[in-house]
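Scroll down for the structure; my scribbles are underneath it.
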There are 2 protein chains.
Amino acid sequence: MTRADEAAAPNGRTRDAARTQAEILDVATREFARAGYDGARVDEIAARTRTTKRMIYYYFGGKEQLFTAVLERAYGVIREAERRLDVEHLDPVAAIRRLAELTFDHHEQHPDFIRLVSIENIHGAEHIAASEKLGRIGSPALDVIRRILAAGQESGLFTADVDAVDLHAMISSFCFFRVSNRHTFRVLFDRDLVDPAQHEHYRTMLGDMVIAYLTAERAAE
Amino acid sequence: MTRADEAAAPNGRTRDAARTQAEILDVATREFARAGYDGARVDEIAARTRTTKRMIYYYFGGKEQLFTAVLERAYGVIREAERRLDVEHLDPVAAIRRLAELTFDHHEQHPDFIRLVSIENIHGAEHIAASEKLGRIGSPALDVIRRILAAGQESGLFTADVDAVDLHAMISSFCFFRVSNRHTFRVLFDRDLVDPAQHEHYRTMLGDMVIAYLTAERAAE
DNA sequence: TCACTAACGTACTGGTTCGTACATTAGTCA
DNA sequence: TGACTAATGTACGAACCAGTACGTTAGTGA
């Protein structure tokens with residue numbers, strides 16, 4: 001049930017529902033990320049698969065549902081990474097920095113995911129709204145942030161009274177923008193935000209920004 | 001040469017190249033922002049105009065060039081707003097906050113612009129790269145940031161040694177994300193980042209974040 | 001081993017959509 | 001005022017593309 005089992009094939013053409021579906025999802029992810037929802041071609045996806053267009057409709061129903069399935073899997077990947085994060089042993093400052101870096105790294109390593117989310121926003125998030133899987137789960141990152149924030153605020157280390165969702169937005173915005181807008185930013189300002197040589201530079205900048213915000217001395221509010 | 005001059009029309013149908021072009025651009029902006037580049041329909045744009053599809057090709061050449069023209073005008077609007085900004089009389093902290101708020105407000109008030117930029121990034125910024133107008137101008141905001149940053153760093157008020165482009169990226173990321181990703185964010189985290197009731201909340205958060213970053217006490221670097 | 005079904009392939013269609021060939025009219029300048 | 005051109009309208013075509021009707025084969029359980 002894990003992936004393909006090429007060995008079992010008699011002459012090369014085996015029937016394997018799970019593998020076929022996974023292959024379609026892989027190719028569809030690239031195609032949707034490449035060209036957007038309307039720019040993506042079902043025929044193109046089929047052509048890059050070892051199967052045919054008929055199978056896409058057989059397994060997923062249509063282009064819309066295929067895109068929804070692609071989104072569900074992409075969100076699943078980052079949630080899994082967030083779940084694996086362990087910051088219990090760190091102090092609040094180090095823990096927040098660690099979480100921010102996880103988001104930073106994941107976004108950088110998964111530009112297709114960023115593109116899919118951008119595309120989904122162009123379409124008003126209608127696909128994830130219709131998805132049952134993505135509807136009411138809530139991100140694991142949010143739970144982590146909540147715990148760190150509570151510890152940091154209680155100890156007096158964190159002076160800002162943000163809530164977890166807003167802090168998540170702050171971290172995500174920096175990480176997301178850097179990848180999603182790198183093309184226009186490069187053309188307009190002649191700077192590559194995803195230049196590997198600047199990786200550490202921006203990673204540090206993000207952490208500094210978040211920590212500075214959380215620990216700043218506030219004037220009387 | 002400013003806009004239309006309805007008065008001159010004898011019975012309602014006048015020939016006015018400037019007005020026709022402006023009207024096409026207005027409608028095209030909405031249509032591209034609504035549906036993305038590939039989702040936008042040239043026929044739909046023509047239908048919502050007082051002219052015909054023929055005119056779109058007559059004046060702009062094609063769908064691609066029309067989209068480029070739409071982008072050029074949209075960028076022109078924000079650059080004009082940045083040019084009008086006057087922060088010379090403010091101290092560096094207030095000046096940076098003021099500039100951040102300008103970006104914040106502009107992005108909030110021009111969601112179509114945000115969508116167009118998102119769409120352009122999906123397409124690798126190929127249209128603005130091909131544009132002569134947008135190629136080598138550089139944003140007025142950048143000049144403003146450079147001056148403020150120099151003053152703030154000289155006076156010792158700003159401890160961070162960022163450059164103007166990176167600071168611009170930081171400010172833009174927060175403002176852009178809030179608008180561009182509001183749909184997925186609302187569905188996934190049940191929070192409307194563009195809720196009018198939270199306008200001041202996020203505006204303050206942005207300013208606090210940037211100022212905290214710029215003025216934070218750094219450990220020895 | 002045979003029947004049954006899940007998995008798969010081929011060929012096609014109906015609607016859509018960008019773009020254009022061709023025809024026409026309003027303004028303007030000599 | 002008449003000729004010339006910029007501006008505009010109509011009708012159509014060719015390609016493209018999501019989706020499907022119909023037919024076939026591999027595995028599997030009785």
Side-chain angles (χ1 to χ4, degrees), chain A residues 1 3-28 31-32 34-70 119 123 126-127, chain B residues 1 3-28 31-32 34-70 119 123 126-127:
Chain A
M1 198 60 80
R3 210 48 171 269
D5 0 78
E6 320 281 338
N11 59 350
R13 283 280 158 112
T14 325
R15 310 199 147 190
D16 187 334
R19 199 212 50 193
T20 301
Q21 290 177 46
E23 195 180 347
I24 291 172
L25 279 179
D26 283 341
V27 176
E31 173 69 1
F32 280 122
R34 180 189 69 81
Y37 178 79
D38 290 292
R41 297 290 160 242
V42 177
D43 281 303
E44 184 64 23
I45 295 170
R48 294 186 185 279
T49 304
R50 269 175 293 181
T51 184
T52 63
K53 185 164 61 158
R54 176 71 184 77
M55 287 295 95
I56 293 173
Y57 289 88
Y58 183 68
Y59 283 122
F60 297 96
K63 193 181 181 182
E64 298 249 7
Q65 296 97 309
L66 176 61
F67 185 61
T68 302
V70 164
I119 293 160
H123 294 274
E126 57 177 284
H127 302 95
Chain B
M1 199 58 81
R3 209 51 171 269
D5 1 76
E6 319 281 340
N11 60 350
R13 282 281 159 111
T14 325
R15 308 197 150 193
D16 186 335
R19 199 211 52 194
T20 301
Q21 290 177 45
E23 194 179 348
I24 291 172
L25 279 178
D26 283 340
V27 176
E31 174 68 0
F32 280 121
R34 181 188 68 81
Y37 179 78
D38 290 292
R41 298 288 159 244
V42 177
D43 282 303
E44 183 64 23
I45 295 170
R48 294 186 186 279
T49 305
R50 268 174 295 179
T51 184
T52 63
K53 185 166 56 159
R54 177 71 185 77
M55 287 296 95
I56 293 173
Y57 288 89
Y58 182 70
Y59 283 121
F60 297 95
K63 192 180 179 181
E64 298 249 6
Q65 296 97 309
L66 176 60
F67 186 60
T68 302
V70 164
I119 292 160
H123 294 273
E126 58 176 287
H127 301 94

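Labels below follow one simple rule: chain letters A, B, ... track the order of the sequence lines, proteins then strands, and each chain is numbered from 1. Keep in mind that what you see is a predicted model, and the values were worked out from it rather than measured.
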Spacing between A:Phe60 atom CZ and C:dA7 atom P, to the nearest angstrom: 12 Å
Heavy-atom protein contacts under 4.0 Å, nucleotides 17-22 of chain C, coded B base, S sugar-phosphate only, - none: SBBBBB
Bend angle of the helix from C:dT1-D:dA30 to C:dA30-D:dT1, end axes from five pairs each (to 10°): 10°
Sequence-distant partners of A:Lys63, side-chain hydrogen bond (donor to acceptor under 3.5 Å, both in side chains), two or more places apart: none
Minimum-distance pair of heavy atoms, taken over all atoms of A:His123 and A:His127: CB-CE1, 4.4 Å
B:Arg41 versus B:Glu31, closest heavy-atom pair with distance: N-OE2, 3.0 Å
Any A:Thr20 side-chain N or O less than 4.0 Å from OP1/OP2 of C:dC8: yes
Rounded distance (Å) that lies between atom P of D:dA6 and atom CD of B:Gln21: 14 Å
OP1 or OP2 of C:dA7 under 4.0 Å from side-chain N/O of A:Thr51: no
Main-chain N/O of B:Leu66 paired to B:Tyr59 side chain as donor or acceptor, under 3.5 Å: no
Where B:Asp38 and A:Ala35 come nearest, the two heavy atoms and their spacing: OD2-O, 3.8 Å
Residue-phosphate contact under 4.0 Å: A:Thr52 side-chain N/O, C:dT10 OP1/OP2: no
Rounded distance [0.5 Å steps], CZ in A:Arg34 versus CD1 in A:Ile119: 10.5 Å
Whole-Å gap separating P (C:dG27) and CG (B:Asp16): 10 Å
Aromatic plane relationship, B:Tyr37 with B:Phe32 - under 30° parallel, 30 to 60° tilted, over 60° perpendicular: parallel
Nearest-Å distance for atom pair CZ/C1', residues A:Arg19 and C:dA7: 12 Å
Rounded interatomic separation in angstrom, taking OH from A:Tyr59 and P from D:dG19: 19 Å
A:Met55 CE - D:dG23 P separation (whole Å): 17 Å
Closest non-hydrogen atom pair, A:Ala69 against A:Leu25: CB-CD2, 3.8 Å
For atom CZ of B:Arg50 and atom P of D:dG9, their distance in whole Å: 11 Å
A:Leu66 CG - D:dG19 C1' separation (whole Å): 13 Å
Result of checking A:Ile56, A:Thr49, A:Thr51 against A:Val27 for side-chain contact (heavy atoms from CB on, under 4.5 Å): A:Thr49
